[in-house]
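This report refers to the structure that appears directly beneath it.
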Amino acid sequence: MACDTFRDTEVLITGGLGFIGSTLAIRLIDLGAQVTVVDSMIPEYGGNLWNIEPVRDRVRVNIADVRDEHAMKYLLRHQDILFNLAGQTSHLDSMEQPYADLEINARAQLSILEACRRYNPDIKVVFASTRQIYGKPAYLPVDEAHPLHPVDVNGINKLAGEMYHLLYHQVYGIQTSVLRLTNTYGPRMRVVDARQTFLGIWIRRLLEEQPIVVYGTGGQVRDFNYVEDVVDALLVVALAKEANGEIFNLGHDCPVSLRDTAELLIELNGKGTYQLVPFPAERQAIDIGDYYGDFGKIRRCLGWTPSTSLQKGLRHTLEFYERHAAHYWPSAVAV
Ligand SMILES: NC(=O)c1ccc[n+]([C@@H]2O[C@H](COP(=O)([O-])OP(=O)(O)OC[C@H]3O[C@@H](n4cnc5c(N)ncnc54)[C@H](O)[C@@H]3O)[C@@H](O)[C@H]2O)c1
């Protein structure tokens, strides 16, 4: 990617104070884009003002809710690209508070697209969807043609969100693209609890010298993506005309079991333990078993491939939280 490709491009990132959104904002600002982030900063979600610390004087921050149609209408005007990343991400919360998930992950997506259609039809929109919409895999690796059987409310609402994006391309010609993300990790992820990813709470417990808790046998397989690789994919898709109206899986070509992941983390940390415990009933009910994706389509069409090994990505992540823990969980001591 030429380094001035995004220079002076007006970019809006919903969920831009969250994990992936803030990492994307930092990269885009380094590439010369004019970036506005919009985030509701609801405490249970992943937003953290400290996430944008490296660029805080160069980014416009708007604390607003994507459910606020008037705010979104105002914010979307004059933007060249929308990275639409705001979302309720907790699977368990989506079962306990299903209407909040519906409002954010489905209804607000429709109103964002309506605002694009009415006030900025030339905008490019990249939507962050999730592999959760596939449900329990019928085969592995899971490609984009795999049946869609979400196992929780979050999966259903994210599926609606992505279908609205595709529909607005098909019917109104809005340039939309969908990325189905798999488990993403790295600096700036939420580690205070397991709401965003279990890897977050694993890292916190490791650094607090508590055992990592692994549910089930630990044999469950995942294909983790390091956040900078996901940012690469978001940028590549934003630039590619041939990505309009398309869905792309992300993934990694080295799937790994949760047990091996816990062991690797402990090895990188130089100390620590993990324990296998039975799944709590509410988690078991929405568990998807093994998952890894086939990301051949985005590799073939757009040349994206993840370049960060799990070992390297986890090392960077551990180093980040060793230095900055105090900004991510209340009881951590500032260093
Ligand atoms: N991290 C992953 O492993 C993963 C996997 C699959 C899909 N995704 C998707 O990627 C996107 C970004 O996820 P993330 O991991 O950065 O999570 P995150 O929670 O760190 O980021 C989401 C951001 O959206 C904000 N937000 C939530 N509701 C909002 C609202 N109503 N109005 C405005 N802002 C709101 C949150 O405050 C948060 O900052 C999400 O849409 C998520 O579904 C993430």
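These numbers come from the heavy atoms of this one structure, side chains and all, not from hydrogens, waters or symmetry mates. Atoms within a ligand are numbered from 1 in the order they appear, just like the ligands themselves. Quick note: residue numbers are just sequence positions, from 1.
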Nearest non-hydrogen protein atom, atom 3 (O) of ligand 1
Thr184 N, 2.9 Å

For Ala64, the ligand 1 atoms with a heavy-atom partner under 4.0 Å come out as 32 (N), 33 (C)

Residue-level breakdown please: for Asn183 versus ligand 1, do any non-hydrogen atoms fall below 4.0 Å on the side chain, on the backbone, on both, or on neither?
backbone

Can you tell me the protein heavy atom closest to atom 19 (O) of ligand 1 and the distance?
Gly46 N, 3.1 Å

Option of least heavy-atom distance to atom 38 (C) of ligand 1 (set: Asp39, Asn51, Leu17):
Asp39

For the pair Lys297 and Asp143, find out whether any cationic side-chain nitrogen is under 4.0 Å from an anionic carboxylate oxygen.
no

Criterion side-chain contact (heavy atoms from CB on, under 4.5 Å) on Val178 and Glu246, from CA distance to verdict:
CA-CA 6 Å; Val178 169; Glu246 295 291 334; over 6 Å; no

Can you label the angle between the His316 ring and the Tyr226 ring as parallel, tilted or perpendicular, going by 30° and 60°?
tilted

Answer whether the closest heavy-atom distance between the side chains of Trp329 and Glu208 falls below 4.5 Å.
yes

If you scan protein heavy atoms around atom 16 (O) of ligand 1, the nearest is Ile20 N, 2.9 Å

Examine distances only and state if a side-chain atom of Lys158 and a backbone atom of Ala128 form a donor-acceptor pair shorter than 3.5 Å.
yes

For the 3.5 Å polar cut-off, considering only N or O atoms, please tell me whether Leu181 and ligand 1 meet it.
no

Which residue and heavy atom of the protein sit nearest atom 29 (C) of ligand 1, plus the separation:
Ser40 OG, 3.2 Å

Does an N or O from Val38, backbone or side chain, lie closer than 3.5 Å to an N or O of ligand 1?
no

Would you please determine whether Asn225 falls within less than 4.0 Å of ligand 1 on a heavy-atom basis?
no

Would Lys158 count as a contact residue for ligand 1, given that I'm defining contact as a non-hydrogen atom of the residue lying under 4.0 Å from a ligand atom?
yes

Are any of the heavy atoms in Arg67 under 4.0 Å away from ligand 1?
yes

Counting the benzene-type ring for Trp, do Tyr321 and Tyr328 have ring centres under 6.0 Å apart?
yes

With a 6.0 Å cut-off (strictly less than), is the heavy-atom count around CE of Met95, excluding the residue itself, greater than 12?
yes

Within 45° of the six-membered ring axis of Phe19 and under 6.0 Å from that ring's centre, is NZ or CZ of Arg188 located there?
no

How about Phe248 and Trp304: are their ring centres within less than 6.0 Å of each other?
no

Please determine if Arg222 and Asp290 form a salt bridge, counting it only when a charged side-chain N lies under 4.0 Å from a carboxylate O.
no

Parallel, tilted or perpendicular for His146 and Tyr139, by the 30°/60° rule?
tilted

Is there at least one pair of N or O atoms, one from Gly47 and one from ligand 1, spaced under 3.5 Å apart?
yes

If we number the atoms of ligand 1 from 1 as shown, the ones under 4.0 Å from a heavy atom of Thr182 are 3 (O), 5 (C)

Taking a cutoff of less than 4.0 Å between a non-hydrogen atom of the residue and any ligand atom, is Ser22 in contact with ligand 1?
no

Under 4.0 Å from one or more heavy atoms of Gly15, ligand 1 contributes atoms 23 (C), 24 (O), 25 (C)

Name the option, out of Gly161, Ala128, Ser129, that contains the heavy atom nearest to atom 7 (C) of ligand 1.
Ser129

For atom 21 (O) of ligand 1, what is the nearest protein heavy atom, given as residue, atom name and distance?
Gly18 CA, 3.6 Å

Please state which part of Ile104 comes within less than 4.0 Å of ligand 1, counting heavy atoms only: side chain, backbone, both or neither.
side chain

Lys124: which of Thr176, Asp80, Asn244 passes side chain to side chain donor-acceptor pair (under 3.5 Å)
Asn244

Which heavy atom of the protein is the closest neighbour of atom 40 (C) of ligand 1, given with residue, atom name and distance?
Leu85 O, 3.2 Å

Could you tell me whether a side-chain N or O of Asn120 sits under 3.5 Å from a main-chain N or O of Leu76, the two making a donor and an acceptor?
yes

Could you tell me whether Thr14 approaches ligand 1 through its side chain, its backbone, both or neither, with non-hydrogen atoms closer than 4.0 Å?
neither

Suppose we measure from atom 32 (N) of ligand 1 to each protein heavy atom; which comes out shortest, and what is that distance?
Val66 N, 2.9 Å

Write out the residue and atom name of the closest protein heavy atom to atom 14 (P) of ligand 1, then the distance separating them to 0.1 Å.
Gln196 NE2, 3.8 Å

Does any N or O of ligand 1 fall below 3.5 Å from an N or O anywhere on Ile42, backbone included?
no

Tell me, yes or no, whether the heavy-atom count around Lys312 atom NZ, taken from other residues, nucleotides or ligands under 6.0 Å, exceeds 12.
no

Is it true that Arg131 and Glu144 have a side-chain N and a carboxylate O under 4.0 angstrom from each other?
no

Considering only heavy atoms of Tyr45, which atoms of ligand 1 have at least one such atom less than 4.0 Å away?
27 (C), 28 (N), 36 (C), 37 (O)

Heteroatom distance test (Asp65, ligand 1): nitrogen or oxygen, under 3.5 angstrom
yes

